[in-house]
Amino acid sequence: MRPANEAILVIDVQNDFCPGGALAVAGGDEIVAPINALVPEFPVRVFTQDWHPANHMSFASQHEGKDPFSLTEMRYGPQVLWPDHCIIGSEGAAFHPKLDTRTADLVIRKGFRREIDSYSAFFENDHETPTGLEGYLRTRGVERVALVGLATDFCVNYSAVDAARLGFKVTVIESLCRAIDMDGSLAAARQGMSDVGVALA
Ligand code: VGL
Ligand code: ZN
């Protein structure tokens with residue numbers, strides 16, 4: 001067991017981000033078994049779930065004439081438009097069937113407000129609406145967080161950067177993550193994470 005102040009965050013290991021899903025990440029299912037093996041080593045274990053209403057504003061289907069993977073402006077800044085994914089209560093929003101969720105202490109759902117996307121496990125994409133995860137981790141005495149899951153360049157990246165900015169010591173275990181990698185987004189994410197002191201392991 002790792003020290004009592006260490007948490008693992010398992011980000012969005014859901015059917016829609018795995019092969020066959022609506023926003024499939026290549027190799028997304030390969031990380032499930034090694035994540036199952038790693039999670040029990042941590043005393044604090046948080047899993048996240050992307051969780052959108054069917055008319056979520058991050059969906060291209062809500063923007064007349066816009067294609068998935070194009071960009072739009074939201075009140076809080078630029079936003080990639082996605083295929084419909086992780087709709088509340090759907091099979092696509094469920095955790096991968098082989099992911100052992102019995103080990104989770106807490107499941108955080110995010111992205112449930114129609115108007116705001118939420119890549120990060122800590123703040124929605126306006127960078128100010130909190131999910132409550134910071135308070136949970138602090139009240140459990142957590143000082144270090146390790147991140148694994150999907151996708152490296154979006155939800156893992158945003159969660160890792162927010163964690164570092166909040167003062168946690170952060171490691172992204174890259175071998176247990178997989179990326180969407182659109183238009184150099186993986187390289188940009190790795191640079192952005194390094195810039196705020198996230199260790200890439
Ligand atoms: C994610 C795009 C849209 C992710 C979630 O989990 O990385 N990416 N929603
Ligand atoms: Zn999403």
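Order of appearance sets the numbers: ligands from 1, and atoms from 1 within every ligand. What you see is a predicted model, and the numbers here were worked out from it, not measured in a lab.
Note on ligand 1: Gln14 sits outside its first shell, no heavy atom being nearer than 4.0 Å.
Residue contacts to the Zn ion (ligand 2): Asp50 brings an N, O or S atom closer than 2.8 Å. Coordination check, Cys86 versus the Zn ion (ligand 2): failed, since every N/O/S atom of the residue sits at 2.8 Å or beyond.
Of the protein's heavy atoms, Asp50 OD2, 3.1 Å lies nearest to atom 5 (C) of ligand 1. Of all protein heavy atoms, the one closest to atom 1 (C) of ligand 1 is Cys155 SG, 3.2 Å. Nearest protein heavy-atom neighbour of atom 6 (O) of ligand 1: Asp12 OD2, 2.6 Å.
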### Message
As a quick check of understanding, evaluate side chain to side chain contact (heavy atoms under 4.5 Å, CB included) for Ile8 and Leu38, giving each step before the final call.
### Response
CA-CA 9 Å; Ile8 188 163; Leu38 182 63; 3.7 Å; yes

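Rounding to the nearest 0.5 Å places CZ of Phe47 at 7.0 Å from CZ of Phe95.
No salt bridge links Asp117 with Lys110; every basic N to acidic carboxylate O contact stays at or beyond 4.0 Å. No salt bridge links Lys169 with Glu143; every basic N to acidic carboxylate O contact stays at or beyond 4.0 Å.
Residue-to-ligand polar distances keep Trp82 apart from ligand 1: every N/O pair is separated by 3.5 Å or more.
Trp82 is not listed as a side-chain neighbour of Asp50, based on a closest heavy-atom distance of 4.5 Å or more. Using a 4.5 Å heavy-atom cutoff, the side chains of Asp126 and Met74 are not in contact.
The backbone of Leu150, and not its side chain, has at least one atom closer than 4.0 Å to an atom of ligand 1 (non-hydrogen atoms only; backbone = N, CA, C, O).
Cys86 and Asp16 get closest at one heavy-atom pair: N-OD2, 2.7 Å.
Geometry about the Zn ion (ligand 2) gives an angle of 100° between NE2 of His85 and NE2 of His52, rounded in steps of 10 degrees.
In this pair, His52 and His85 present their aromatic rings perpendicular. The plane angle is above 60°, beyond the 30 to 60° band.
Close contacts of ligand 1 with His85, meaning ligand atoms under 4.0 Å from a residue heavy atom, involve 3 (C), 9 (N). Atoms of ligand 1 lying under 4.0 Å from any heavy atom of Ala151, numbered from 1 in the order shown and given with element: 4 (C), 6 (O), 7 (O).
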